[in-house]
Q: 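Following this message is one structure expressed as structure tokens.
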There are 4 protein chains.
Amino acid sequence: MRELPDTGDDGAPTRRRSERSHRAIVTATQELLVERGYRALTIEGVAARAGVGKQTIYRWWPSRAALVLEAYLAGSDEVVRPRTRTSTCADVRALLDWLVAVLTQPIGGRVLAGLVSDLKDDTELAERFQRDVVPARRQAMLAALERGRERGEIRADADLELAVDALHGAVFYRLLLSGAPLDAAFTKRLASQVLLGLSSGFVPIGD
Amino acid sequence: MRELPDTGDDGAPTRRRSERSHRAIVTATQELLVERGYRALTIEGVAARAGVGKQTIYRWWPSRAALVLEAYLAGSDEVVRPRTRTSTCADVRALLDWLVAVLTQPIGGRVLAGLVSDLKDDTELAERFQRDVVPARRQAMLAALERGRERGEIRADADLELAVDALHGAVFYRLLLSGAPLDAAFTKRLASQVLLGLSSGFVPIGD
Amino acid sequence: MRELPDTGDDGAPTRRRSERSHRAIVTATQELLVERGYRALTIEGVAARAGVGKQTIYRWWPSRAALVLEAYLAGSDEVVRPRTRTSTCADVRALLDWLVAVLTQPIGGRVLAGLVSDLKDDTELAERFQRDVVPARRQAMLAALERGRERGEIRADADLELAVDALHGAVFYRLLLSGAPLDAAFTKRLASQVLLGLSSGFVPIGD
Amino acid sequence: MRELPDTGDDGAPTRRRSERSHRAIVTATQELLVERGYRALTIEGVAARAGVGKQTIYRWWPSRAALVLEAYLAGSDEVVRPRTRTSTCADVRALLDWLVAVLTQPIGGRVLAGLVSDLKDDTELAERFQRDVVPARRQAMLAALERGRERGEIRADADLELAVDALHGAVFYRLLLSGAPLDAAFTKRLASQVLLGLSSGFVPIGD
DNA sequence: AAGTAACCGAGACGGTACGTCCGGTCTTTGG
DNA sequence: CCAAAGACCGGACGTACCGTCTCGGTTACTT
């Protein structure tokens with residue numbers, strides 16, 4: 001989110017950010033997000049929990065949302081990405097299951113909903129989110145689909161980006177809006193039905 | 001949103017809710033949402049704009065989010081729903097375009113993002129949202145797909161609810177998360193690609 | 001405080017005040033004064049306790065202070081005035097003890113302090129208080145002193161009104177300001193010392 | 001009223017109380033007391049007039065009454081205490097005139113009445129008032145009477161504290177309760193009549 | 001006996017102030 | 001110069017009451 005001080009050769013003593021404070025702040029943010037949720041997270045609360053002055057937070061993060069984004073990213077890598085690669089459909093299903101797992105972690109959906117709300121009022125944050133976070137999540141899925149195309153399972157003219165929109169969109173839609181369950185049955189049917197629309201029509205894709 | 005007191009024979013009859021204040025509050029909320037957005041909306045601001053005491057708002061709405069939901073719904077019917085019914089694909093496209101139009105209204109996406117964030121902390125509101133708002137939006141799309149199935153354009157065993165998840169999900173995903181454009185090209189390709197996955201394989205769909 | 005409807009000969013149908021409500025209001029006021037004190041007394045609280053609409057209170061009393069004054073007076077006659085008349089000094093002491101008893105009743109000092117505070121902002125109430133309440137309390141003391149003068153125990157040119165100011169003033173001063181105890185030793189010494197200043201110098205006073 | 005944080009060696013060194021804000025708050029309180037009186041004084045009003053956040057007031061004063069007490073004391077020293085010392089009676093009269101002058105200042109009686117009312121509901125404030133304010137006012141009078149006793153004008157066994165109760169009590173009684181005038185004639189007769197009760201009977205005290 | 005007008009309970013209304021919380025900035029002191 | 005501590009101004013929170021204003025329902029007098 002923010003780089004450590006460059007001890008570059010420009011000779012200036014520059015800033016000496018306390019790594020201890022940095023870690024304490026991010027950790028406190030994660031804990032409070034889990035314990036109380038996004039809405040109840042306050043800078044004062046983070047500062048108190050981290051044993052840090054408020055100014056130290058304001059010095060390094062431009063907004064609460066930026067802090068939460070960093071804490072969120074730092075904590076979301078705990079669920080390991082699947083690496084199966086057996087069939088396109090199996091890969092897609094595994095990736096959907098992984099996405100669901102990430103989003104239903106304690107820190108997952110609730111925080112994401114809060115962030116989504118702040119993106120609408122914070123252009124800079126929105127840019128960073130759409131540049132760093134969104135593509136990172138899409139990439140693995142896109143790669144799986146491209147492998148499917150190379151194997152001939154997926155039509156050459158299929159719009160794979162659009163397919164990721166539909167796959168991920170359906171997951172987020174249930175998570176954030178409809179409240180419908182995010183279970184294995186859902187991901188299984190979602191994967192097969194969307195892949196049907198991408199299939200070359202000759203090679204069967206089913207599971 | 002909130003019913004008038006039941007004129008049942010149990011309670012004493014007393015002064016009723018002022019419809020004038022009710023309207024003024026909802027209107028003020030809509031105006032302030034357009035002018036300043038969800039984040040900057042305060043109960044005090046609404047009360048001042050509406051020329052109303054704060055208590056009058058707290059008396060009838062349990063939370064800011066509930067008020068916003070009512071204002072949102074009261075103002076979202078301005079875009080008229082399409083009634084085409086020429087072909088399944090055309091219908092789906094028209095409904096997607098309608099959804100996009102509704103969501104890109106001045107009051108649309110920004111407010112929705114805010115609401116979505118509050119749903120995570122307000123169970124009662126979430127229930128109402130998922131009972132009243134979500135199905136209302138899905139229904140027309142579902143009906144269009146069912147007509148397609150009756151005509152034989154769509155497989156009998158296709159999961160239509162899932163298809164709506166994918167269609168609407170893709171739209172909301174772009175609106176709230178990826179920031180990708182919501183244009184006519186998008187809705188066109190989305191409709192045809194998803195419908196391909198639902199097609200019976202014999203009757204061609206799409207244009 | 002407020003007269004009942006005069007069924008005068010002016011022919012007007014006039015008002016028909018509910019005596020039941022009147023009593024309920026005064027009683028509720030007294031109870032709440034004892035339970036919570038002057039500061040915590042609210043019109044809404046009285047109305048709720050009395051099972052009465054707020055308007056019924058506002059219709060008959062111009063202010064909270066006026067209501068409290070009525071409730072105070074209605075409840076302060078429970079301590080019976082002494083009628084001794086043995087000696088001037090004994091009479092004065094008895095009357096001081098009576099005053100102290102009245103003021104240390106549960107409803108006494110705390111309410112008086114509150115009223116005193118409101119007199120400064122409510123001219124009409126102040127007038128009524130100084131016309132009805134104050135002289136009623138002074139009268140018995142003044143009569144006792146006048147009897148002393150007639151007997152020759154008190155100088156003919158002594159300022160008896162001033163003496164009452166000093167006697168009562170000392171009591172209220174301890175009650176409201178200094179917090180010093182209002183016990184029998186105090187009243188005894190106060191009576192004899194003040195009476196010394198009034199004595200004719202020939203006839204001994206005091207015990 | 002409130003001490004600055006102890007610069008003991010236990011606590012961390014940090015930002016101290018702003019003397020600028022302190023003064024602004026006290027001054028604003030005094031002005032508003034004069035302009036509108038005790039009843040109309042609100043914390044919000046003081047904060048607005050002083051250009052200060054409400055929290056800054058709540059941080060340093062536990063109640064409105066405590067703030068008023070400080071403002072009252074800070075402003076009551078404008079009338080200089082007399083230092084005559086000619087005769088006991090003249091001294092007493094001068095001190096009574098001084099007390100009357102202090103209490104009839106614009107900020108005087110109205111504020112005192114309000115404070116008196118709050119003392120009944122605020123034990124801590126009452127203690128401070130009775131420890132700091134009351135004795136300060138009594139002391140000069142007591143000293144004058146003691147000088148009189150040393151000179152032989154006042155009986156050795158006279159209760160001087162009680163005499164101050166009577167002298168001051170009469171003044172406050174007129175101010176707060178009876179509304180009778182506080183003029184020079186009053187103080188003159190009060191002084192001489194009370195002193196008569198204290199006199200040794202041999203040395204004349206009159207003026 | 002019906003009409004009617006004031007009174008009643010209930011409580012919604014536009015407001016004001018409460019005391020608290022937090023945002024974002026500023027100041028102090030020490031490392 | 002950074003960091004902790006936390007005071008500062010500002011502003012919104014949700015609550016409590018204010019005094020006024022409808023509402024039917026009730027009651028006691030008039031007609």
Side-chain angles (χ1 to χ4, degrees), chain A residues 5 12-18 20-22 40-45 47-48 50-60 62-64, chain B residues 5 7 11-18 20-22 24 40-45 47-48 50-60 62-64, chain C residues 5 7 11-18 20-21 24 40-45 47-48 50-60 62-64, chain D residues 5 7 11-18 20-22 24 40-45 47-48 50-60 62-64:
Chain A
T14 72
R15 51 197 166 157
R16 306 159 263 141
R17 156 124 85 150
S18 156
R20 193 188 147 286
S21 295
H22 185 182
L41 188 88
T42 65
I43 298 288
E44 295 211 326
V52 140
K54 281 199 290 178
Q55 196 62 40
T56 305
I57 300 180
Y58 284 113
R59 191 157 19 234
W60 299 106
S63 67
R64 186 180 69 136
Chain B
T7 9
T14 177
R15 186 175 178 185
R16 300 235 199 284
R17 179 176 192 175
S18 156
R20 195 188 148 283
S21 296
H22 185 178
L41 188 88
T42 66
I43 299 287
E44 294 211 327
V52 141
K54 279 200 289 178
Q55 200 66 57
T56 302
I57 299 180
Y58 284 112
R59 184 148 36 224
W60 300 105
S63 66
R64 188 180 68 134
Chain C
T7 6
T14 74
R15 51 197 166 162
R16 302 159 266 144
R17 170 153 39 173
S18 156
R20 194 189 149 284
S21 296
L41 188 87
T42 66
I43 297 288
E44 295 212 325
V52 141
K54 283 199 289 177
Q55 195 65 256
T56 304
I57 300 180
Y58 284 112
R59 187 153 28 226
W60 300 105
S63 68
R64 187 179 69 136
Chain D
T7 9
T14 175
R15 186 178 178 183
R16 299 235 198 285
R17 179 174 191 176
S18 156
R20 194 188 148 284
S21 295
H22 186 178
L41 187 87
T42 66
I43 298 287
E44 295 211 326
V52 140
K54 279 199 291 178
Q55 199 66 59
T56 304
I57 300 180
Y58 285 111
R59 186 153 30 228
W60 299 106
S63 67
R64 187 180 67 135

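Below, chain A is the first sequence line, B the second, and so on; all start at residue 1. Everything numeric here is computed off the predicted structure, so don't read it as measured data.
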Q: Hey, could you give me the CD1/OG distance between A:Ile57 and A:Ser63, rounded to the nearest 0.5 Å?
A: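 Atom-to-atom, A:Ile57:CD1 and A:Ser63:OG are 12.0 Å apart.
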Q: Counting the atoms with a prime plus P, OP1 and OP2 as sugar-phosphate, which does C:Gly45 contact under 4.0 Å by heavy atoms, base, sugar-phosphate, or nothing?
A: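 Answer is nothing: C:Gly45 stays at 4.0 Å or more from every strand.
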Q: Quick one: does A:His22's side chain get under 4.5 Å of A:Trp60's, heavy atoms only?
A: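 No, side chains not in contact.
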Q: Does A:Arg64 reach the main-chain N or O of A:Leu41 with its side chain, forming a donor-acceptor pair under 3.5 Å?
A: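 Flag set: sc A:Arg64 to bb A:Leu41 pair under 3.5 Å.
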Q: Choosing from E:dC18, F:dC17, E:dT29, which nucleotide comes nearest the side chain of C:Glu44?
A: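 Of all the options, the side chain of C:Glu44 is nearest to F:dC17.
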Q: If you measure from CD1 on B:Ile43 to CD on B:Gln55, what distance do you get to the nearest 0.5 Å?
A: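 Taking CD1 in B:Ile43 and CD in B:Gln55, the distance rounds to 11.0 Å.
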Q: Does B:Lys54 make a side-chain donor-acceptor contact with the base of F:dG14, cut-off 3.5 Å?
A: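 Pair found.
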Q: Starting at the 5' end of DNA chain F and moving along, which residue's nearest nucleotide shows up first, B:Arg64 or A:Gly53?
A: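 Its nearest nucleotide lies further toward 5', so the answer is A:Gly53.
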Q: Nearest-Å distance, CZ (C:Arg20) to C1' (F:dT26)?
A: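 Distance, rounded to whole Å: 12 Å.
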Q: Quick one: is A:Trp60 getting a side-chain N or O under 4.0 Å of the F:dA3 phosphate, OP1 or OP2?
A: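 It does, given that an N or O in the side chain of A:Trp60 lies less than 4.0 Å from OP1 or OP2 of F:dA3.
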Q: Answer yes or no: does a side-chain N or O of C:Thr56 lie under 4.0 Å from OP1 or OP2 of E:dG9?
A: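 The answer is yes; a side-chain N or O of C:Thr56 sits under 4.0 Å from OP1 or OP2.
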Q: Need to verify one output field. Residue with the more 5' nearest nucleotide on DNA chain E, A:Ile43 or B:Ala47?
A: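 Per heavy-atom nearest nucleotide, the more 5' residue is B:Ala47.
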Q: Return the value, rounded to whole Å, for the distance between atom CD1 of B:Ile57 and atom P of F:dA12.
A: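 Result: 13 Å.
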Q: Please pick, from F:dC13, E:dG9, E:dG24, the nucleotide with the shortest atom-to-atom distance to any side-chain atom of C:Val52.
A: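 Output: E:dG9.
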Q: Hey, which sits more toward the 5' end of DNA chain E by its nearest nucleotide, A:Ser63 or D:Ala40?
A: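 The answer here is D:Ala40.
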Q: Identify the heavy atoms of B:Ala47 and B:Gly53 that sit nearest to each other, and give their distance.
A: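 Scanning both residues, the minimum pair turns out to be CB-C, 4.3 Å.
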Q: Go nucleotide by nucleotide along DNA chain F from the 5' end; which of D:Gln55 and C:Gln55 gets its closest nucleotide reached first?
A: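 Result: D:Gln55.
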Q: Rounding to a whole Å, what distance do you find between A:Leu41:CG and E:dC22:P?
A: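 Checked: the CG to P distance equals 11 Å.
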Q: Please report, rounded to the nearest Å, how far the C1' atom of E:dT27 is from the CZ atom of D:Arg59.
A: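 The answer, rounded to whole Å, is 13 Å.
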Q: Between F:dC8, F:dC17, F:dC13, which one does the side chain of C:Thr42 approach most closely?
A: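 Closest of the options to the side chain of C:Thr42: F:dC17.
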Q: Which listed nucleotide (E:dC13, F:dG14, F:dC9) is nearest to the side chain of D:Ser21?
A: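 The answer is F:dC9.
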Q: Indicate whether OP1 or OP2 belonging to F:dT22 is found under 4.0 Å from a side-chain N or O atom of B:Arg16.
A: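 No, B:Arg16 has no side-chain N/O under 4.0 Å of OP1/OP2 on F:dT22.
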Q: What about D:Arg15: does its side chain form a donor-acceptor pair under 3.5 Å with the base of E:dC26?
A: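 For D:Arg15, whose side chain was compared with the base of E:dC26, there is a donor-acceptor pair (under 3.5 Å).
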